[in-house]
Structures are given as C-alpha cells and as structure tokens.
Amino acid sequence: MADQQNCIQKPSPDSPADILEKVPGSSAEPRLRAADDTRYDPTPVEQKWAALWEKDLSHYASEPPSCGKPKYYVVEMLPYPSGALHMGHVRNYAIGDALARYMWMNGYNVLHPMGWDSFGLPAENAAIKNKRQPREWTLHNIAAMKAQMMRLGLSYDWSREVTTCLPEYYRWNQWFFLKLFEKGLAYRKKSKVNWCPKCATVLANEQVVDGCCWRHEDLPVEERELEQWALRITAYSEELLQGLETMDGWPDRVRTMQRNWIGRSEGANVDFKLEGGSETKITVFTTRIDTIFGATSLQLAPQHPLVAELVDKDPSKIASLEQMIAEQKKAREEGDIGLVDKKGFFTGHFAVNPFNQERVPIWVANYILMDYGTGAIMSVPAHDERDFEFAKKFGIEIKQVIQPVSGETPELPFCTEDGVATKSGEFTGLSCAHAQKKMAAFAKQHGFGEPTITYRLKDWGISRQRYWGTPIPILYCEKCGLVPVPEDQLPVLLPEGVEITLAGGSPLTKVKEFYETACPKCGGTARRESDTMDTFVDSSWYFYRYTSPISTAAFDSEIANYWFPMDQYIGGVEHAILHLMYSRFWTKFMRDSGFIKNDEPAQRLFTQGMVIKGGAKMSKSLGNVVSPDDMVARYGADATRLYTLFAAPPDRDLDWQDQGVEGVYRFLSRLHRFISENPIRVGDGESRDFDSSALSSDARKVQRKLHQTIQRITGDFQGRWHFNTSVAAMMELLNACMVKQELFASNSEAPKAFLADVQRKLILLLNPFAPYLAAELWSILGEDQNALLRYPWPQFDPALAKEDEVEIVVQFNGKVRSRLTVANDAEDQAVREAALNDEKVKEALVGKQIVKVIVVKNKLVNIVVKG
RNA sequence: GCGGAAGUGGUGAAAUGGCAAACACACUAGCCUUAGGAGCUAGCGCCGCAAGGCUUGCGGGUUCAAGUCCCGCCUUCCGCACCA
C-alpha cells in the first residue's frame with residue numbers, strides 16, 4: 001500500500017506527460033500516463049458519453065404502462081446525502097444497474113429510479129459545525145452525489161428523482177400521518193423512551209444497539225419519560241410475521257431476523273389476587289401455564305407499578321429496589337443484561353394461586369423485564385432454568401409438577417415440554433401441550449386469565465425532538481385540545497433560518513411564527529407540535545412516489561398498482577429490521593386504506609455484502625477508506641464498477657484490494673484494443689448472415705466459446721447473481737479471441753459477418769457491467785449509438801455451445817490413472833470399451849480384478865478394482 | 001447460551017456428488033525497451049531432481065466417487081440474548 005503510493009509521482013506543472021482527469025471534489029492524484037502507455041484511457045470516453053446521456057434522459061426513462069412490455073421494477077435503497085458516495089454505494093448501484101440493463105435488453109419496461117433520504121441529524125450537526133443551513137448543506141450534497149452517480153453511468157430515470165426533505169415529498173408524510181391518525185394507527189403515548197444525549201432526541205427501540213445509540217455506538221442511551229407519537233405497527237404483528245412465511249424471494253437471514261424481532265410467543269395471562277381479600281391482582285404472562293401448580297413465588301420487575309405499594313415504606317426494601325434499578329440500567333448500558341447476577345427480595349406480601357389457592361410469596365427480582373409481557377411472572381423453579389437459579393440462591397421452594405413421559409425422576413430443572421403434568425389437581429396426567437390448552441381455557445372460564453399471545457415487537461415511536469425532519473401536522477389548542485392540521489392546510493412547512501443547537505429540546509419550539517399559531521377549529525391560540533418525524537417514515541414509502549411523482553397526491557394508485565410490488569429491491573443487510581420492517585408495515589397500512597393492492601413492497605430482496613479493506617469495515621479512524629472518486633479518476637467508472645462485481649460474489653463481503661482494480665482495468669484495455677484495432681463493421685448493404693457449419697476449426701472454437709459465455713452470463717443473471725463469474729467468463733472469451741487474433745485481422749479468411757457477430761455480442765454482454773466502454777465500442781463498430789440499452793440480449797444456441805470432443809478421465813477406485821478424448825455424448829458402452837482398451841489402463845490392470853465399471857457421460861470412467 | 005452464515009493456494013476467488021484451484025491479483029523468468037509504472041510470452045497449491053505422493057479448518061460416516069451430503073468438534077463473522 002505504502003509502496004504503491006510512493007510509486008505514484010506527484011504531478012509537476014512542467015511535465016508534458018501529465019494529462020487529464022481530476023474529478024471534482026476528489027483528493028486523488030491524477031493518474032500519470034507515460035507517453036507510450038497504450039492502455040485505454042477511460043476518462044475522455046466516459047465523460048463524452050456521460051454528457052450525451054445526461055442531455056438525453058429518455059435514453060433511460062421507463063415507458064408507460066401501456067407500452068405492452070412486461071414491467072420490471074428494480075430499486076436500490078436510496079442513500080443519505082452525506083456528501084460523497086462510498087464504495088458500498090458503488091457496489092450496491094453496480095449490482096442494480098447491471099440488473100436493470102440486463103432486463104432492459106430482455107425487453108422489459110424497466111423502472112430504475114433513485115432518490116435521497118435527505119432528512120436527518122447529520123445535516124443539523126453540519127449546521128452547527130459549519131454554520132450552514134441544513135437545507136442548503138443537504139441540497140449541495142445531493143448535487144455532488146448526483147454528479148458522482150452520473151459519472152458512474154448509472155441508468156436512473158432522473159425524471160422521478162425523490163428528495164425526501166422537500167415539501168413536495170414530506171407533505172405526503174404529513175398527509176399519511178393524518179390518515180394513520182384517523183385510523184387510530186397514530187397515537188400519543190406517554191412512555192419511557194430511549195434518549196440519546198448526543199443526538200438530543202428519542203430513539204426507536206430498533207435504533208438502540210446494545211443499550212447504545214445506533215449512531216453513537218459507545219454512548220449509552222438514557223431513559224426519559226416523554227409524550228410521544230407512536231405508530232401502531234403492532235396492529236400488524238401477526239401479518240408481518242405470517243407474511244415472512246411466503247416471502248421466498250427474501251433472504252432467509254432477513255426473514256429470520258424479522259421473525260426474531262417480532263418475537264411471537266404463545267401463552268396465557270393469569271391473574272393472581274393479593275392475599276387477604278384484596279381485589280388487587282397481579283397479572284403474569286407465561287408460556288408454561290401447565291407448570292402453574294409448581295409456582296412457588298411471583299416475581300415482579302423492579303419497575304412494576306405495584307412494587308411501590310408492596311414495599312410500603314420499608315427503607316431497606318426501597319434501598320435495594322433503587323440499587324436494583326440502577327444496576328439494571330448500568331447493565332443495559334453496558335450491554336450486559338443477561339449476564340448479571342440474579343438479585344431480589346421478598347416484599348413481605350403474598351398472592352394466591354388461582355388454580356390451587358396456595359399462597360405464594362411476592363418477590364421483586366432484577367431478571368424480570370418491565371417491558372416484556374406484563375412485567376411479572378410466576379416463578380416455577382422446577383421447570384425453568386432462571387427461576388431454578390433464583391430459587392436455589394434465595395431458598396425458595398422447588399416443586400416438581402411435570403414428569404418425563406418415561407416416568408423417570410428427572411434432574412431439575414426439567415424444562416422440556418415433552419412431559420406429563422403431575423400433582424396438578426384435575427389436570428394431572430395430561431401432556432404438557434394438552435394441559436396448556438385445558439388450563440388456559442379453565443382460567444378463562446373462571447375469569448382469572450386467558451390464552452394470550454405476546455410479541456416482542458413494540459409500537460414505533462416516531463417523535464424526534466429535532467429540526468431537520470417532517471413536522472408532525474398536529475396542533476394543541478388551549479380549548480379544543482389536540483387538533484390535526486386540516487388536509488387543505490398541508491404542507492406544514494419547516495421554517496427556514498432556524499438556529500440549531502443540540503441543547504434545550506426541540507429547535508422548533510423557539511421559532512415563534514411556527515410554534516405559535518391559531519386553532520383551525522375555534523381560532524383561539526394554539527401551539528404546533530414541535531417534534532418532527534423519524535426519518536424512517538420517509539423511507540417507508542418513497543418507492544411508491546417514484547412511480548408517479550405528481551403534485552395532487554402521494555402517488556397515483558393506478559400507476560403504483562402497475563409497478564408494484566417491486567420486482568427486486570437491493571440494499572445492505574443492516575436494514576434487515578428497521579427500514580424493511582417499517583416499509584412492510586407502511587405497505588399494509590396503505591393497502592388497508594385502499595391506496596394500493598399489494599401486500600408486500602418487494603417480491604425479491606437482495607442484500608449485498610459490505611465492502612471492507614484489510615478485513616475491517618472502511619472507516620476514517622482506520623484510515624482504510626477507498627474513495628470512489630479516486631478510483632474513477634484513475635481507472636474509470638467502468639473499471640471501478642466492474643471490480644466491485646468481480647472481486648467477490650455480490651452477497652459476500654468484498655475485501656478491497658487496490659491492485660485488483662488494475663486487473664479489471666487491464667481487461668477493459670485489452671478489450672478496447674481488441675475491437676478498436678480491428679473493428680469488424682458490417683455495412684448497410686452487407687448481410688449479417690453466415691453459415692456456422694462452414695467455419696474453420698479456429699473460428700468454431702471462438703464461436704463455441706462465445707455461446708458458452710452467453711450461456712454462463714445469462715445463467716448468472718437468472719440464478720445466483722454471481723457476477724464475479726460472469727466477468728470471469730467475459731475475460732475467458734476475450735482471451736479465447738486474442739489467442740485466435742489473426743482471425744480478426746484484416747486479411748482474415750473467416751466470414752466478416754461471423755467476426756462482426758462475435759464482436760457485437762461481446763459488447764452486448766459487456767453492457768450491463770461496463771456501459772461506457774460498451775457504448776464506445778458499439779459506436780466504433782458503427783452501430784446505432786443510442787440503441788444499445790434497448791438492443792436485445794444475445795441468445796445462445798446450445799448446439800453451437802457444445803464441444804465436439806471431450807476429455808474423459810479414467811479412474812481406478814477414484815484415482816486418475818489415464819485420460820482419453822472421445823466424442824461429445826459418446827455412448828457409455830463405447831467409452832467403457834475405449835477406457836478398457838487404453839494402454840495405460842491395461843498396464844494398471846495387471847494383477848487386478850475388475851469389480852465394477854462406472855461411466856459418467858462426458859466426465860469419467862471409474863473402474864472399481866480389487867487386488 | 002440460542003439461531004444463522006462462512007472456513008479452499010501468498011491474495012480475491014472458482015467448482016449441477018464426477019479431473020480441486022477457472023478467472024484475476026501478487027510473484028518469478030524472458031521478450032520489447034534509455035527506462036517500466038505500458039504491452040507481450042511462459043511459469044506459478046505443497047513435498048520431490050524426477051517418477052510420484054499429498055492437499056479444500058479438525059475427526060468420523062455415507063458413496064464406485066465428497067470442497068460439495070450426514071454426524072461430532074474447532075475458529076471467525078452476523079443476528080438475538082434473563083423474552084417468562
């Protein structure tokens with residue numbers, strides 16, 4: 001690395017050799033070219049085509065639904081406009097662009113748009129740091145990144161560009177919010193929230209990682225109690241879960257992660273009354289109601305509302321309670337929840353088990369979580385590991401009520417459900433599963449419980465005490481209370497020129513002309529909601545907006561129904577839960593509101609691997625960041641893109657190697673040389689037909705390789721998307737052409753139409769991966785410059801791809817002993833005889849006995865021998 | 001602890017149960033060159049002068065045949081984690 005950098009000379013003003021290329025905003029040294037460097041120089045070529053394509057946007061634009069072609073909707077996750085693309089983006093877009101171009105060439109009406117997830121905190125941080133307004137800073141970044149994308153030659157339909165921070169977009173966030181509010185899916189709730197002191201705002205559960213903020217991984221979140229807007233995603237818990245079952249176009253990994261996140265758990269709620277005729281009851285959630293006869297205590301979370309009452313005013317209990325809460329908080333902050341020693345104390349109170357009227361002591365324990373289930377459990381030490389550990393430590397009774405089916409005495413705790421209830425009153429003798437059903441029904445019948453399904457998934461808190469986001473369209477009137485902003489008054493515009501600080505709560509409260517307003521109902525004084533929406537709201541539905549960026553609605557339902565669901569969605573796996581769960585929820589809400597018909601946003605999801613270097617994620621602190629601009633300046637956009645596809649299969653992490661880019665660049669140079677030195681042009685009057693059967697054997701070799709290559713690349717697109725092997729196949733094809741280079745020379749005897757066919761198809765195959773060079777070579781061949789994207793993808797002929805002869809290995813017990821060449825698809829019997837008559841085989845057979853001969857067509861003969 | 005993915009040359013990697021290492025990178029030698037940071041040719045898993053032998057994290061198994069399938073273990077990465 002260091003060596004390589006030392007090799008690159010500094011440009012000197014008087015050097016005649018230093019030509020070209022400095023991408024705006026790039027810190028890269030321009031690549032110097034020696035005078036006799038014969039390699040392809042991508043910069044002028046790529047810039048020429050980029051300029052052409054920018055002027056002629058129709059070159060990319062999707063066609064109307066009525067075009068008669070089948071639709072194909074492919075979206076790459078839209079970026080946050082941080083100011084510059086990184087290699088992860090390039091990889092993501094290179095994959096999507098290859099697919100879009102391939103589908104275009106296969107006759108589809110392709111929608112391939114791009115946009116900007118442009119609300120969010122970094123703009124505010126930049127505002128504080130550089131005294132620039134978030135809007136101006138953001139729009140500037142968008143312009144810079146759009147230029148980068150254009151330079152990369154990505155085939156986006158820019159007429160549909162979505163910028164979430166602009167009123168024409170976020171007004172529809174507000175509009176949807178009102179719809180959600182009407183349906184009761186948006187509501188206000190006072191709750192303990194995760195507060196990041198650095199972001200000075202609330203985080204959703206999904207945005208808390210190991211007790212820390214997802215943006216500040218070492219900074220523990222604080223707990224605060226706030227009034228918050230929440231979206232009732234839990235109304236769809238079951239459907240979000242069920243949907244995963246049939247979403248086989250999504251990676252299993254993502255589906256599993258979502259399944260775990262939703263965390264469905266089937267069980268029962270059971271009420272335990274306090275002892276002494278009190279009507280106060282403690283509701284516990286259990287998945288093992290079948291063990292309830294073994295419950296020997298109740299355990300409450302330290303934050304359980306009843307605890308304050310139960311500890312009375314006992315100072316020692318209050319002290320241990322406070323200590324417990326503090327420790328739990330600390331453990332949470334350190335991500336150690338689950339490893340903490342179990343602690344607890346007896347409250348001095350008892351409750352009554354409604355099944356057997358036994359009195360059970362009520363404890364408070366640090367291993368009970370207030371935010372799961374009811375925050376209280378019945379403790380069954382004999383049949384739960386955690387309860388067992390706790391009971392042992394504190395001397396609580398352990399009572400076995402489940403027996404193994406075998407009837408043996410089990411070692412406790414005995415936690416499997418493969419057992420039979422014992423000492424359980426009228427339920428004794430029932431299997432666990434059976435007992436669970438009967439007992440839950442019994443509880444319901446007697447009014448002290450019911451079957452219950454608990455989900456880990458929580459409602460989505462969307463209030464953010466920040467400036468740079470969508471204002472929530474709600475007013476608080478002194479008389480009328482909470483009033484939604486009438487639809488015709490949308491958008492609620494985000495005020496400009498606001499002073500931004502991270503201290504002192506929401507910046508919007510300080511903007512008088514925004515904050516203080518009149519009630520639309522009564523005209524009295526009202527104040528506006530000063531919180532803005534989580535930016536995941538923006539990204540939950542942006543891909544619908546792409547289909548019809550109109551001013552009169554969020555999107556046109558009819559057109560959305562034409563394009564949706566997305567055929568392919570492509571992005572990083574880091575969004576497996578947050579963005580992808582919220583978007584699924586949003587789609588279901590819109591479907592139930594009649595705006596769309598699809599149940600899920602995307603038919604297929606592809607999650608590409610990360611781009612890493614030296615085994616670590618690229619980061620400024622590690623100093624291992626590779627800038628796309630530098631790569632584009634040195635090797636061109638084609639080579640940069642091609643390398644991201646070549647270096648690893650797209651679903652795997654890609655370990656960036658600076659020297660690896662050289663390799664694909666060399667390939668492109670060689671290809672450029674191969675065609676530009678001897679372009680085979682077919683004139684208007686000339687026939688493109690030729691007779692394959694009349695080709696020379698060398699020409700046939702090239703033709704065969706061509707058809708094999710088409711077959712492989714087509715297969716890669718249709719199958720696993722292992723574009724690394726597609727690129728390798730193209731390299732092999734070029735190598736095969738170069739070996740027979742004299743075929744393509746001007747004095748060649750091969751039919752011109754054939755040679756032209758090879759060159760043209762080679763370029764067509766290249767087009768999805770390196771569109772600039774493809775366009776350049778296409779025009780060198782004198783073909784219609786603008787038609788490449790719509791030109792049909794080459795078809796392979798299996799007969800032409802087939803080898804005439806194949807080499808067969810002859811094995812003895814699986815070890816290669818000889819090789820022979822036979823006709824392709826030769827009969828097994830003939831191959832067997834040829835093998836047995838082979839000199840080497842005969843030699844090796846001396847003194848041995850043939851047990852069996854296995855012939856695998858076109859592959860091998862395995863002779864099983866003895867002795 | 002639970003769940004998932006991965007482990008193949010110096011490196012990135014390839015291989016519908018059928019010749020392991022395609023395609024590249026790096027390296028070595030040669031050609032061409034004032035020069036090489038261009039281009040071209042050849043070599044390049046390991047051991048061995050060779051014949052040949054060995055080789056896909058480790059150990060078993062299935063099979064005529066295993067990188068690939070099955071069982072157990074190890075390592076790395078990812079997700080979840082006192083979820084009742």
Side-chain angles (χ1 to χ4, degrees), chain A residues 4 7-9 31-39 210 251-261 263-265 267 284-288 291 299 301 328 331 335-342 365-369 371-380 384-387 389-390 454-456 573-574 576-577 610 615 643 646-649 651-664 666-667 669-670 673 719 722 724-732 735 738 807-816 819 851-865:
Chain A
Q4 205 212 345
C7 291
I8 300 164
Q9 294 170 12
R31 187 166 54 84
L32 295 183
R33 305 180 71 96
D36 61 345
D37 187 339
T38 57
R39 293 181 299 178
D210 288 339
D252 286 342
R253 187 153 75 117
V254 173
R255 293 200 282 171
T256 304
M257 282 166 76
Q258 292 209 353
R259 210 172 280 128
N260 291 342
W261 190 263
R264 183 187 200 269
S265 179
V284 303
F285 173 69
T286 176
T287 54
R288 293 297 307 275
T291 65
Q299 302 287 347
Q328 215 179 45
D336 284 344
I337 279 231
L339 305 168
V340 176
D341 276 349
K342 290 193 172 33
N366 67 344
Y367 71 99
I368 309 305
L369 306 174
D371 54 10
Y372 183 78
T374 59
I377 64 152
M378 62 175 202
S379 175
V380 186
D384 181 283
E385 270 179 49
R386 296 150 303 176
D387 295 347
E389 188 192 331
F390 191 86
T454 293
Y455 299 89
R456 210 183 80 100
V573 75
E574 64 273 18
I577 295 173
M610 281 191 302
Y643 177 67
F646 177 63
D651 52 348
R652 235 198 266 183
D653 283 353
L654 185 163
D655 200 343
W656 188 275
Q657 319 248 327
D658 290 316
Q659 286 150 332
V661 198
E662 297 268 1
V664 291
R666 280 209 281 262
F667 161 67
S669 287
R670 273 165 24 102
R673 184 150 39 93
H722 280 198
N724 53 330
T725 59
S726 303
V727 178
M730 276 189 288
M731 289 172 169
E732 283 185 50
N735 290 346
M738 299 284 267
E807 192 185 60
I808 297 278
V809 293
V810 185
Q811 299 178 330
F812 274 50
N813 296 340
K815 299 229 178 226
V816 179
R819 294 161 192 281
V851 179
K852 200 173 169 187
V853 177
I854 287 143
V855 181
V856 181
K857 201 178 279 298
N858 293 341
K859 298 278 184 194
L860 54 74
V861 177
N862 191 14
I863 304 172
V864 184
V865 293

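Quick caveat, the model's predicted, so the values are computed rather than measured. Labels below follow one simple rule: chain letters A, B, ... track the order of the sequence lines, proteins then strands, and each chain is numbered from 1. Computed from heavy atoms alone, side chains included, the values below leave out hydrogens, waters and symmetry copies.
Distance CG (A:Asn735) to P (B:G39): 14 Å, rounded to an integer number of Å. The CD atom of A:Glu662 sits 15 Å away from the C1' atom of B:G12 (whole-angstrom rounding). Between A:Asp655 atom CG and B:G7 atom C1' there is a gap of 15 Å when expressed in whole angstrom units. Rounded to whole Å, the distance from CD on A:Glu574 to P on B:C80 is 13 Å. If you measure from atom CG of A:Asp658 to atom C1' of B:A24, you get 15 Å, rounded to the nearest angstrom. In this structure, CG of A:Asn260 is placed 17 Å from P of B:C78, rounded to the nearest angstrom. The separation between A:Ile577 atom CD1 and B:C78 atom C1' is 11 Å, rounded to whole Å. Going from atom CG of A:Asp252 over to atom P of B:G3 covers 16 Å, rounded to whole Å.
Counting only heavy atoms from C-beta on, A:Asn366 has its side chain closest to B:C82 among B:C78, B:A24, B:C82. Each of B:C40, B:C23, B:C82 was ranked by its minimum atom distance to the side chain of A:Arg673; first place goes to B:C40. When distances are taken from the side chain of A:Gln657 to each of B:C82, B:A24, B:U11, the shortest belongs to B:U11. Side-chain proximity of A:Met731 to the nucleotides B:C23, B:G18, B:C82 is greatest for B:C23. Comparing B:G18, B:A14, B:C82 by their closest approach to the side chain of A:His722 singles out B:A14. Picking from B:C40, B:C19, B:A65 the nucleotide with the shortest atom distance to the side chain of A:Glu807 gives B:C19. With B:A84, B:A13, B:A15 as the candidates, the nucleotide lying closest to the side chain of A:Thr725 is B:A15. The side chain of A:Lys852 lies closest to B:C64 when the candidates are B:G3, B:C64, B:C23. Side-chain proximity of A:Val856 to B:C25, B:G79, B:G18: nearest is B:G18.
Here A:Ile863 lies out of heavy-atom contact (under 4.0 Å) with every strand. Using a 4.0 Å heavy-atom distance criterion, A:Asp387 is classed as making no nucleic acid contact. Nucleic acid contact class of A:Asn724 (heavy atoms, under 4.0 Å, all strands): sugar-phosphate only. Backbone-only engagement by A:Asp653 is indicated by non-hydrogen atom pairs under 4.0 Å involving sugar-phosphate atoms exclusively. Counting non-hydrogen atoms under 4.0 angstrom, A:Lys815 reaches the backbone sugars and phosphates but no base. Nucleic acid contact class of A:Arg666 (heavy atoms, under 4.0 Å, all strands): sugar-phosphate only. Here A:Phe646 lies in heavy-atom contact (under 4.0 Å) with a base.
Across all strands shown, B:U33 has no partner, as no Watson-Crick or G-U wobble contact with both distances under 3.5 Å is found. Across all strands shown, B:A51 has no partner, as no Watson-Crick or G-U wobble contact with both distances under 3.5 Å is found. Of all nucleotides present, only B:C71 satisfies the Watson-Crick or G-U wobble test against B:G59, with each distance under 3.5 Å. Pairing for B:G43 is with B:C27, a Watson-Crick or G-U wobble pair whose two hydrogen-bonding atom distances lie under 3.5 Å. Base pairing of B:A21 is not made with any nucleotide, judged by Watson-Crick or G-U wobble geometry with both donor-acceptor distances under 3.5 Å. In this structure, B:U8 makes no Watson-Crick or G-U wobble pair, since no nucleotide meets both defining distances under 3.5 angstrom. Here B:C2 sits opposite B:G79 as a Watson-Crick or G-U wobble pair (both hydrogen-bonding atom distances under 3.5 Å).
Put simply, the side chain of A:Asn862 does not reach to within 4.5 Å of the side chain of A:Val853, judged on heavy atoms. A:Asp384 places none of its side-chain heavy atoms less than 4.5 Å from the side chain of A:Arg288. Two residues are said to be in side-chain contact when any heavy atoms from C-beta on lie closer than 4.5 Å; A:Phe667 and A:Phe646 fail this criterion. When side chains are defined from C-beta on, A:Tyr372 counts as touching A:Thr454, because their heavy atoms get closer than 4.5 Å.
Side-chain atoms of A:Arg819 come within donor-acceptor range of the base of B:C19, with a qualifying N/O pair under 3.5 Å. Judged by atom type and distance alone, A:Lys342 reaches the base of B:C82 through a side-chain donor-acceptor pair under 3.5 Å.
Listed pair A:Ser265 / B:A84 meets the phosphate criterion, a side-chain N or O lying under 4.0 Å from OP1 or OP2. Note on A:Arg670: a side-chain N or O is less than 4.0 Å away from OP1 or OP2 of B:C40. Regarding contacts with the backbone of B:A84, every side-chain N or O of A:Arg456 stays at 4.0 angstrom or more from both OP1 and OP2.
The minimum heavy-atom distance between A:Ile577 and A:Met257, with the atom names listed, is CD1-O, 4.1 Å. Scanning both residues, A:Ala648 and A:Asp653, for their nearest heavy atoms gives CB-O, 3.9 Å. Counting all heavy atoms, side chain and backbone alike, A:Asn260 lies closest to A:Arg456 at O-NE, 3.5 Å.
Between A:Tyr643 and A:Ser669, the residue anchored closer to the 5' end of RNA chain B is A:Tyr643, taking for each the nucleotide with the nearest heavy atom. Take the nearest nucleotide of RNA chain B for A:Ile377 and for A:Ala647: the residue whose nucleotide is more 5' is A:Ala647.
The backbone N or O of A:Lys342 sits nowhere less than 3.5 Å from a side-chain atom of A:Asn366 that would complete a donor-acceptor pair.
For the C1' atoms, the distance from B:A14 to B:G7 is 16 Å, rounded to whole Å.
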